[in-house]
Amino acid sequence: AVGSSGAAVATPGVTAKTITVGATVPLSGIAANYAEVSAAIAVVFDYVNAHGGVNGRRIIYVRKDDCYNINALGCTAGVGNTPTLTQTQTLVTQVREFAEVGSLGTAAQDSVIKYLNQNKVPDLFVCSGSSDWNQPAQYPLLFGYQASYQAEGKILARWIKANKPGATVGVIGQGDDFGANGLAGLLAGGLKIATQDQLTYSPLDGVTGNFADITQALTTLKSDNATVVVLDSIPPLTSYILAAANKMSFAPQWVISQVGSDPSSVNNPLEAGAITLDPYPVPTTVNVWNQWLRRLIAADKNSKTWFPNYFKGPFSNILDGNMIYGASIGAAFVEALHGLGRNGVTRAGIVKAMMNTHFATPSLTPLSYSKTNHQGLQGGSLARIVANTDPTQAPRAAVLLGNAEYTTGDSANQPIIVRKQQVLPIPGYLK
Amino acid sequence: MATDRALSLSVEDVSVHFGGLYALTNVSFDVAVNEIVGLIGPNGAGKTTAFNVICGFLRPQTGVVRFPVLGRENLRPHQLARAGVARTLQGVGLFDRLSVLENVMAGAQSRSGGGLGVGLFGLPASARGERELRQEAAAMLERVGARQYAGALPGAIPYGIAKKVAVARALMARPALLLLDEPASGLDERELGEFADLISTLGESMSVLLVEHNMDFVMPLVHRVVVLDFGEVIAAGTPHDVSHNETVLAAYLGVGE
Amino acid sequence: MGSFLASRLMTDIFGGLATGTVIALIALSLVIIWQSTHVLNFAQGAMGMFATFVGMNLVFHGLNYWWCLALSVVTGMALGALTERVLIRPLYGKPEINPIVVMIGFLGVLEAIIASIWTTNISMLPSPFSEIYYEAGRRTILVSPFVIYEVIVVALVLSGIALLFRRTNLGLQMRAAALSPEVSRLLGVRVGRLLTFGWALSTGVGTLAAVIVSTGQVLAPTNMDGIFVSAFIAAAVGGLESPTGAIIAGVSIGLVEQFILDFWSTSVAPLSGVIVLVIGLAIRPQGLFTRQVSRRV
Amino acid sequence: MIRVAGLSVTYGAVRALRDVSFEAPTGQITTVIGANGAGKTTLLRSISGLARAEGSIRLDERELLGMATEDVARLGVAHVPEGRGVIAELTVEENLRLGTLASKVPLAESLASQYAQFPALERRRRNYAATLSGGERQMLAMARALIARPSVLLLDEPSLGLAPQVTAETMRTIAQLCASESLTVILVEQNAKSALRIAHDAVVLHLGQVAAAGPSREIAADPELRRYYLGVAS
Amino acid sequence: MSSLRQRFPSAWRLVATLLLLVLAVALSFVLSPLDDSKLAGGAAISIVILGLSWLIGWSGQVSLGNAGFMAIGAYVTAIWANHHATSPIVWSLVLSTVIGGLSGLVLALPATRLRGPYLAGMTLAFSFAVTPLALNWRGFTGGSGGLFINFLSTPAWFGGLFSGPDALIRANAQWPADVTLVVAAVAFYFMANLFHSRVGRAMRLVRDNEVAAELSGVNLQRARTLAFVISAAYAGLGGSVMTLLSGSVTPQTYGLTLSILLLTLMVLGGIGTLSGAILGGLIYSYSDNLVSLVNKVSGINPTSTLGANLKGIVFGVLLILTMMLAPRGLVGAGAWLRRAARR
Ligand SMILES: Nc1ncnc2c1ncn2[C@@H]1O[C@H](COP(=O)(O)OP(=O)(O)OP(=O)(O)O)[C@@H](O)[C@H]1O
Ligand SMILES: Nc1ncnc2c1ncn2[C@@H]1O[C@H](COP(=O)(O)OP(=O)(O)OP(=O)(O)O)[C@@H](O)[C@H]1O
Ligand SMILES: [Mg+2]
Ligand SMILES: [Mg+2]
């Protein structure tokens, strides 16, 4: 008697005039600077709503704070033991979301994918580079967005081999999937890393402020004469690591994972010169998507509270990586929805649409899914962080080094594809 | 207050020192079954320390404390309590957050039945025991004359009453040997008389060792007196002998009092 | 080989000292509050961070580091005094656990306030001294001019506090007020003022520690979290009655941590506090440096 | 001179003192006696400002009621509380030092005079008060009150736990101080017999009210009171 | 009635517990699925609070380490479930309780020698160590990713009770809630008995005056150890239920913060009482409703910086105000009100 089929049962979250979608994201706590991602998604939805919605339906976007799924005092408590689960249950049972769009965090989303699957809620564009989102057999409703950390590692390895041949390479990685998958990618990319240099630190360092182990890791790397060091860390820790290395006059070539390299989040002059993988041509390339996003933000009445730094911070009017990341997810979801038409908005329908759409995004690498691949982007563009001399620009920015690079899979035998910079145009209904 | 147990006590050659301070030096005395013995001496003479040794709170550096009936030495305080030794403390020593009645009930902790299992499953034995204890404690409070304070917390009762409650609590254990450390301090003269009667009655069914500075109270009451000074036994004997002993007069009682 | 090991040991010792002294300084602030009010202040870290933000944020607006430091410490003292008057004063005589809970609540409030005023955006707080570590041969010895400054500050504050509590009448009155407020009042001790002063002093020291922790690092609301736990453990091992004990325990935790990091595994490092604690309390349950005062009966 | 007028204290439903009035003249010992729970301790606590009371308590025209305890103490009122009130975690000498905070006499001199009075304390000066025996603690409390050279001394059962000889000596000292330094003493005692012997005046409290007051000789002679409080059959 | 209550107290408690349980289960049919989930979470956490309340309120030993015992219960359940997917959940619960209690025994060895702030420091260190330990023992704990198990799967007969468009969601939310309520009822019944037993009194004696307790025949070491063991067993049980509810266990969940949260919830509810533990659980479940209420009333945008951090402020102020106005927690305040009304 449980769960029925057919048109008789209304799709949750869909009414004649609205579609309700939700997300669990960090709005406070250590990862609060990622709040901009979902805020940018909301900006896109606001824009679409102001222009008549999608096929006549407005999108209601409910963001719930899960503190990065870390139990903090006063942070959402209630059901089960994780804030993310609590908030997800609220979204499913009370908000009655149609789907999740842009929920963020590896550990956070890991803790609810079973629950969402059990209650048949699509979980779209998860913000994290974990490969966990790519399990179509077990979780047919789950879709990632970012390139996997493994794929990223492979691309970075390729750059290192080509540009720093014979270098001694060290890795400092977060002691979880992020670090482990990043390292696996580097190895799959054919890099040799001496065991003693596969250093990790606890992801909780960011919470507890205990950085002694990072200093220790750097000491070891320095005494081993590492000339290239790869970082798989979130921005505050990237910043800390750069400063700590500076203290010991240690200046290798830094290669930083996309997640931890956004210059305005890292906010440290020592980052200049580092290599990173950037999925978007921001902001130096003249890109229609950037102009478009600026216009959306200017038009949005809420955006002042969402992007305080954009309006008054030291980098005012600078689009940072998080904002573009979010905007592209927002655009992608609208695109998927658009293709369904007015009557096709069902959960089964959106899942099908995900796999059949070739999304237009600001990224140079294609975003597409298939029956066997739910990962999302497959790579990005290599970029170098530079110091800007132009006072109207952010002090630091990522400058693309050349072409977009991507791969069709994580393992060593799937080659890296290189292609010319080519940005898909913005769909008409978003203009 | 029928007790099925009888305990005698013998302290043999006990010495206790704290660092350089000799609190007890080769102290020996004993208390026979159903005997009331007074332990007196100046402040700091070692009386409370002797109690602590007897109760197992302190291990003496030399000597032993024997309870011939038990046939075991070096028992821990809670084991002694179960074996029939009860004691009052020199100060007040009540349980602050328990009502006066519960304080008295606590005295029977060592003999009421029921361990963890009985408690967890709330077996009938546990419930019945509680009810009987409550009645018995109320009767005991009546007996020492503190009935009207049954519901009060110890912090809110006068000092003299607190001392009576402490005695009631000790009696709830149905002890065979009762150690009283200044139980009568804070009582007025009339109450002292009543209290002396109580102890005399007790002495018929248990052994009592009594520390008290009020000689008018102690001397008529006890069968024998042991006098400590600077940790040594300086005299022992009948109240009459001791109160005429030159050394004792000089060290403690004072001349002309 | 021998000299390699020697230089490695040197590195570890100095690295341990650098972390250890900060742990010790925070532990010291906990000892002060314990000695003067018998409260375990869980918000100590956040209070120090708040004051640090108030003062040190001005560094980014061009104010001199030392002026900002002074401003932070003064803010910290004012915050401490205010906290005692408003939050702690009404709780004397209430169950022991109540002030703990109130300070946990205050911790939540302070962290939220810091996060919403200064946003969560990160900036590095530049150091007034060089933070570049010295080198010996090929190895970095984890000591820099800033670390030396840190050790000197801790030594000075420690001697000041130890003198205050052991030698002066003011310190005696503070201890008495915490141990037994009613009796102290009967002796004419102005208990209320001393309690306020104790909190001010403690938060001032805590702020100094927070500024040191944040210097040369990202100025973030959570800077004190982990190190505060180590400091709490240090205070417990050292004996809350003893400033010297807190310092020794704090430095030991720093050293043990450094050695674990170097010779064992990074993920075990947070256990260093536990290791020191278990060893310390196994030796003396009432705190390593607490003198035996109790007589049970 | 302490003048208590119309003093009342209530604890919730309990009325511990009701409209108590009496005077304790300067240079004299005034003893307060009464059964357990009569309100003696409460009376001393209200003088020191530890219990909230209504009415009036004047020390030489100065109203004490409503003053903070520490301010009362700084006027020269020393209080030896029931249960001794020594601070166990401080050493003997630290306890004594706390008594001399307001005093102008050099510390060494003050200490010496108390050590002369209570030799047991001198032996233990560096020990924590926690290690003292019951009587030694009582001595410490007395010494700490006397070392301040107070003008008013409030004693709550000072003989509690003291050996008879020590009690007698202490009382003698206090009587001397009364005469030589015009000290006002209010003495609460269970041991009414000895209290009446050394006191000039006596106040008898009964259920929180003054049942009788007057020169102690007269009180001691009153047959009714004798029977009730002194346990002497008339 | 009241004499029956005195004559057969444990039977009376059993009846009372059953009545409350029936009431709560009936309520779960009426409540929305979200409220059902909250009920489940609240009931689970109240088991842990009750154990903590026993330790602190009754035996007087302050622990900041109970989240650590929860973690042990949680991992035991997850590991067991991963190896014995088909065994009835009762075994998970029992096993977690027992192993939780045993770990309490181990911690009690050093802990019962400590008092006051030193005990707090020791237990704090224990809970601080849990996360790194769990991260380190990847083999057992799955490292930072944690372990995942199947939810309490809703049996077909139970799902059959529901119909309509929401049937799936409702059944999936309510089944765990009802199971948790049953487990909590059992736990509460046993604790109610303990409170009124001789063992319960022994705890209070130890708490108030160790010397006098020993003189009354209480074995100090044993009593303090027993307090720890029972408290840890309850925490283990709570952790187990949490895992069954959430389907996962990660090291970050059971850190120091949760220990501190448990302490505050216990004090907020009312220390040392059954109803205080229930209230603490409900506060835990509904604290975010309070925050959104404040959000709504104050008109602060919940996704702005201030709005996102508002919960810290609201929860903190709530803690502070409760301690100022109702130092014995909400239960104490209730008792006070009742007394005032009677007057
Ligand atoms: N733990 C201890 N450390 C140091 N000295 C101690 C300790 N316990 C007792 N003493 C000392 O030993 C001596 C004997 O103390 P005890 O308490 O036995 O005396 P007492 O005879 O009971 O005196 P009182 O009549 O005053 O109660 C005292 O001088 C006391 O200070
Ligand atoms: N804190 C309190 N709360 C409630 N009632 C109290 C409190 N303190 C004292 N009382 C009550 O006030 C009355 C007077 O007590 P008080 O202690 O003054 O008596 P006392 O004359 O000193 O007796 P004792 O000689 O036994 O010490 C008693 O009935 C007592 O129960
Ligand atoms: Mg004694
Ligand atoms: Mg009295």
Side-chain angles (χ1 to χ4, degrees), chain B residues 51-52 55-57 76-98 102-131 133-134 153-154 166 169-170 172-173 175 179 181, chain E residues 3-17 54 57-60 97 101 186-223 225-227 229-230 233-234 271-272 328:
Chain B
F51 270 27
N52 287 343
C55 289
F57 280 111
R76 310 258 313 114
H78 66 267
Q79 294 168 321
L80 280 167
R82 287 172 199 172
V85 179
R87 168 184 175 183
T88 66
L89 295 166
Q90 183 165 6
V92 175
L94 294 179
F95 302 107
D96 306 338
R97 287 190 268 171
L98 269 58
E102 285 177 304
N103 260 284
V104 177
M105 287 168 72
Q109 188 75 10
S110 60
R111 63 182 171 86
S112 57
L116 182 60
V118 173
L120 262 185
F121 291 95
L123 297 181
S126 153
R128 203 175 326 115
E130 284 292 296
R131 212 165 346 114
L133 266 188
R134 195 168 285 276
L153 286 178
R169 182 177 69 190
M172 277 297 279
L179 307 171
D181 199 348
Chain E
S3 87
L4 270 182
R5 180 179 173 178
Q6 275 161 19
R7 300 270 304 269
F8 306 103
S10 73
W12 190 87
R13 284 193 284 271
L14 186 63
V15 173
T17 313
W54 159 259
W58 286 68
S59 89
T97 311
V186 173
F188 270 72
Y189 172 68
F190 280 137
M191 191 57 90
N193 280 339
L194 267 189
F195 276 3
H196 294 95
S197 72
R198 176 174 168 272
V199 180
R201 178 157 350 87
M203 296 300 153
R204 295 195 291 159
L205 302 191
V206 172
R207 174 194 71 192
D208 281 4
N209 189 332
E210 293 185 5
V211 169
E214 255 185 299
L215 286 175
S216 305
V218 177
N219 183 341
L220 275 191
Q221 186 63 28
R222 242 190 67 193
T225 307
L226 192 62
V229 170
I230 291 177
Y234 269 65
I271 191 169
R328 308 212 168 270

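In this text, all values refer to a predicted model and were calculated from it rather than measured experimentally. Within every chain, numbering begins at 1; the chains are lettered A, B, ... in the order of the sequence lines, protein sequences first and strands thereafter.
- When all heavy atoms of B:His78 and E:Gly217 are compared, the closest pair comes out as CB-C, 3.6 Å.
- The side chain to side chain contact (heavy atoms under 4.5 Å, CB included) search around E:Ala192 returns E:Arg13, E:Leu274, not counting sequence neighbours.
- Taken to the nearest 0.5 Å, the OG atom of B:Ser110 stands 13.0 Å off from the CG atom of E:Asn219.
- Contact of B:Leu94 with chain E is made through the backbone alone, with heavy-atom distances under 4.5 Å.
- Taking each heavy atom of B:Gly119 and E:Ser197 in turn, the nearest pair found is CA-CB, 3.5 Å.
- Neither the backbone nor the side chain of B:Ala173 comes within less than 4.5 Å of any heavy atom in chain E.
- Of the two parts of E:Ala213, the backbone and the side chain both hold a non-hydrogen atom closer than 4.5 Å to a non-hydrogen atom of chain B.
- Here the CG atom belonging to E:Leu205 is positioned 10.5 Å from the CE atom belonging to B:Met105, to the nearest 0.5 angstrom.
- With values rounded to the nearest 0.5 angstrom, E:Ser216 atom OG is found 10.5 Å from B:Met172 atom CE.
- Nearest approach of E:Phe190 to B:Leu120, heavy atoms of both residues: CD2-O, 3.1 Å.
- For the pair B:Leu98/E:Arg207, a side-chain contact is recorded, criterion being any heavy-atom separation below 4.5 Å from C-beta on.
- In this structure the side chain of B:Leu133 never reaches within 4.5 angstrom of the side chain of E:Arg198, judged on heavy atoms.
- A heavy-atom distance below 4.5 Å is found between the side chains of E:Arg204 and B:Glu102.
- Taking CG from E:Asp208 and CZ from B:Arg97, the interatomic distance works out to 5.5 Å, rounded to the nearest 0.5 Å.
- Atom CZ of B:Arg82 has more than 12 neighbouring heavy atoms from other residues, nucleotides or ligands inside a 6.0 Å radius.
- Here the shortest heavy-atom pairing between B:Ala81 and E:Leu215 reads CB-O, 3.2 Å.
- For chain E, the option among B:Ala170, B:Ala106, B:Gly107 with the highest count of heavy-atom pairs below 4.5 Å is B:Ala106.
- For a residue to count as touching a neighbouring chain, one of its non-hydrogen atoms must lie under 4.5 Å from one of that chain's; by this rule E:Leu14 does not touch chain B.
- The pair E:Glu214-B:Arg76 meets the salt-bridge criterion, with a side-chain N (NZ, NE, NH1 or NH2) lying under 4.0 Å from an Asp/Glu carboxylate O.
- Looking at heavy atoms from C-beta onward, B:Leu116 lies in side-chain contact with E:Leu194 at the 4.5 angstrom threshold.
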